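Notes follow once the structure below has been shown.
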Amino acid sequence: MEALMRVTDTLKSFRETRLSALRSPTEFFDFHRISRPADTSQAVSRITYNTRYFSGNYTLIVLVLAIYAILTSPLLLFSIVFLVAGFAAINRFAPDPLQVGDHVVTQKSLYTGLFVVGLPLLWLSSPIMTFFWLVGASSCLILGHACLIEPGVESEYANIQDAV
């Protein structure tokens, strides 16, 4: 129960800090502000400003891509569910050693069995490839958007506020 409270507190603080910075879809997809940067320094300044300004939207993009990657890989989804459910079941139903015939089954041996089966299953589901796909896809989307969207008028005043 305590772990559930920690998860809900973490999600609540994540929502308050990162997702509170969400910009409206009309502002995020403003086609009138799309233009090619004149040079590299302008592209870098756009990326610097837009990654801070649209940080909530970019976080949401990464989360949606991560959920998509997990849902479209059935073996990865099964591996994650198997390990999490096995860990939760061992914690909930087997806190004390059990006598099964002549053998004593401890929580440590149950965890060992779970990881002997679960980790090779997880390895076969290629989580590293999924991670690098997620990094590549989100980087292309985020850097492309941040580079092509011209900062608004408020960006000129952001530099003044930083200097003060």
Side-chain angles (χ1 to χ4, degrees), residues 1-30 44 46-101 103-147 149 151-152 154-155 158 161-162:
M1 193 64 168
E2 184 179 316
L4 183 62
M5 292 300 291
R6 281 187 287 170
V7 169
T8 56
D9 290 342
T10 303
L11 287 174
K12 187 182 288 185
S13 68
F14 175 76
R15 184 180 54 196
E16 290 171 357
T17 57
R18 299 298 280 170
L19 295 182
S20 66
L22 275 176
R23 304 294 176 186
S24 69
T26 55
E27 187 177 5
F28 188 70
F29 297 112
D30 188 3
V44 169
R46 283 184 183 185
I47 290 170
T48 304
Y49 177 77
N50 284 333
T51 50
R52 276 187 276 129
Y53 188 73
F54 291 115
S55 65
N57 297 71
Y58 295 149
T59 302
L60 190 62
I61 287 173
V62 172
L63 287 174
V64 167
L65 285 175
I67 291 169
Y68 171 78
I70 290 172
L71 291 179
T72 57
S73 176
L75 187 58
L76 180 61
L77 179 63
F78 177 76
S79 301
I80 291 170
V81 168
F82 177 78
L83 285 169
V84 170
F87 186 76
I90 290 171
N91 277 339
R92 183 175 179 122
F93 299 117
D96 300 323
L98 299 170
Q99 182 74 29
V100 179
H103 301 288
V104 175
V105 179
T106 63
Q107 200 174 32
K108 182 178 178 182
S109 63
L110 290 174
Y111 283 131
T112 303
L114 176 68
F115 290 130
V116 163
V117 174
L119 291 181
L121 186 64
L122 184 66
W123 181 256
L124 288 174
S125 65
S126 63
I128 297 171
M129 180 199 68
T130 304
F131 172 76
F132 282 115
W133 176 86
L134 179 63
V135 169
S138 59
S139 296
C140 286
L141 284 173
I142 291 168
L143 291 176
H145 180 271
C147 183
I149 295 290
E154 66 275 357
S155 69
Q161 288 177 350
D162 290 341

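Only this structure's heavy atoms are used, side chains among them; waters, hydrogens and symmetry mates stay out. Only a predicted model underlies this, so the values are computations on that prediction, with no experimental measurement involved.
Across all their heavy atoms, Arg23 and Tyr53 have their closest contact at NE-O, 3.0 Å. Taking every heavy atom of both residues into account, Tyr58 and Asn50 meet most closely at CE1-O, 3.4 Å. In terms of heavy atoms, Thr48 sits closest to Thr51 at O-OG1, 3.2 Å. Between Ala66 and Leu134 the shortest heavy-atom distance is N-CD1, 3.5 Å. Between Ile80 and Ile70, the shortest heavy-atom contact is CD1-CD1, 4.3 Å. In terms of heavy atoms, Val62 sits closest to Ser138 at CG2-CB, 3.8 Å.
Side-chain atoms of Gln107 never come within 3.5 Å of backbone atoms of Ser109 as a donor-acceptor pair (strictly under, hydrogens ignored). A donor-acceptor distance shorter than 3.5 angstrom exists from the side chain of Arg46 to the backbone of Cys147, with no hydrogens or angles considered.
Residue Leu77 holds its CG atom at 10.0 Å from OG of Ser125, rounded to the nearest 0.5 Å. Of the inter-residue distances, the one linking Phe82 atom CZ with Leu114 atom CG reads 5.5 Å to the nearest 0.5 angstrom. To the nearest 0.5 angstrom, Phe78 atom CZ is 12.5 Å from Ser73 atom OG. Expressed to the nearest 0.5 Å, how far CZ of Phe54 lies from OG1 of Thr59 amounts to 13.0 Å.
Between Trp133 and Tyr68, the two ring planes are tilted [angle within 30° to 60°].
Side-chain contact between Leu76 and Pro127: present, with at least one pair of heavy atoms (C-beta onward) separated by less than 4.5 Å. Using a 4.5 Å cut-off on side-chain heavy atoms (C-beta onward), Leu98 and Leu110 make no contact.
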side-chain contact (heavy atoms from CB on, under 4.5 Å) between Asn91 and Tyr111: does it pass, once the steps are laid out? CA-CA 10 Å; Asn91 277 339; Tyr111 283 131; 2.3 Å; yes

Criterion side-chain contact (heavy atoms from CB on, under 4.5 Å) on Phe28 and Leu60, from CA distance to verdict: CA-CA 12 Å; Phe28 188 70; Leu60 190 62; over 6 Å; no

